Amino acid sequence: QVQLVESGGGLVQAGGSLRISCAVSGPTFSRGAMAWFRQDPGKEREFVAGVTRNGDSTYYTDSVKGRFTISRDNAENTVYLQMNSLKPEDTAVYYCAASKFFIATTALRAYDIWGQGTQVTVSS
């Protein structure tokens, strides 16, 4: 069974950088797109970034374009989210998600496997 484990979250000052990782265990890592979502308490979980199965195409929500970069290393079974120029509004729990489909969509229902989340806090 595929499992996702996030790491690398923490506290950072506004303007700083952080890289979070998602380690994928199981034999089917390359089966579909991967994505990062985030959720603040009391708010809905929202799409942040996604990458296709082969890593050739990436997608971002408007608020992080130009600041965040998603990448995947299929050989290492890991997905990364490099976050630069962080803002206090980026504070949230970040979740890694795996899809059975090639394309990374923004819809939660397209992702059937989720990690436990990692907290990212950006201080002003």
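Here the structure is a predicted model, which means the values were calculated and not measured.
Within the model, atoms OG of Ser57 and CD1 of Ile70 stand 12.0 Å from one another, a figure rounded to the nearest 0.5 Å. A distance of 4.0 Å separates OG1 of Thr121 from CD of Gln119, quoted to the nearest 0.5 Å.
Gln13 contributes no side-chain N or O that, together with a main-chain N or O of Ser123, makes up a donor-acceptor pair within less than 3.5 Å. With hydrogens and angles ignored, the 3.5 Å screen pairs a side-chain donor or acceptor of Arg72 with a backbone N or O of Thr52. Not one N or O on the side chain of Asp40 forms a donor-acceptor pair closer than 3.5 Å with the backbone of Lys43. Judged purely by atom type and a 3.5 angstrom limit, Gln39 has no side-chain atom pairing as donor or acceptor with the backbone of Glu46. In this structure, Thr118 contributes its side chain and Gly9 its backbone to a donor-acceptor pair below 3.5 Å.
For Phe47 and Tyr59, the distance between ring centers is not under 6.0 angstrom.
Nearest heavy atoms, Arg67 versus Ser85: NH1-O, 2.9 Å. Across all non-hydrogen atoms, the minimal contact from Cys96 to Glu6 is N-OE2, 2.8 Å. Among all heavy-atom pairs drawn from Gln116 and Val5, the shortest one is OE1-CA, 3.8 Å. Pairing each heavy atom of Met34 with each of Leu4, the nearest pair is CE-CD2, 4.1 Å. Minimum heavy-atom separation, Pro88 to Ala14: CD-CB, 4.1 Å.
A donor atom on one side chain and an acceptor atom on the other are found under 3.5 Å apart for Tyr94 and Arg38. Judged purely by distance below 3.5 Å, without hydrogens or angles, the side chains of Asn84 and Ser17 pair a donor atom with an acceptor atom.
In this structure, Phe68 and Thr61 have side chains that are not in contact, with every pair of non-hydrogen atoms separated by 4.5 Å or more.
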_Full working for salt bridge (Lys or Arg N to Asp or Glu O under 4.0 Å) between Lys87 and Asp90_ = CA-CA 5 Å; Lys87 304 175 181 179; Asp90 294 318; over 6 Å; no
*Mind running side chain to side chain contact (heavy atoms under 4.5 Å, CB included) on Val24 and Thr78 for me, showing each step along the way?*
CA-CA 6 Å; Val24 184; Thr78 305; over 6 Å; no
*Apply side chain to side chain contact (heavy atoms under 4.5 Å, CB included) to Ile113 and Lys100, showing your working.*
CA-CA 9 Å; Ile113 300 174; Lys100 292 182 290 186; over 6 Å; no
*asked:* The test is side chain to side chain contact (heavy atoms under 4.5 Å, CB included); show your working for Leu18 and Val120 and say whether it passes.
replied: CA-CA 9 Å; Leu18 203 60; Val120 172; 4.0 Å; yes
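Cluster membership check: Ile20 does not share its hydrophobic cluster with Val93, using side-chain heavy-atom separations under 4.5 Å among Ile, Leu, Val, Met, Phe, Trp and Tyr. The hydrophobic clustering, which links ILVMFWY residues whose side-chain heavy atoms are closer than 4.5 Å, places Leu108 and Leu81 apart. The cluster map of Ile, Leu, Val, Met, Phe, Trp and Tyr, joined by side-chain heavy atoms under 4.5 Å apart, puts Met83 and Val122 in the same cluster. Each of Tyr111 and Val48 belongs to its own hydrophobic cluster when Ile, Leu, Val, Met, Phe, Trp and Tyr are linked at side-chain heavy-atom distances under 4.5 angstrom. Both Val64 and Val51 are part of a single hydrophobic cluster, where members link through side-chain heavy atoms under 4.5 Å apart.
Ring orientation note: the planes of Trp114 and Tyr95 are nearly perpendicular, at an angle over 60° on the 30°/60° scale.
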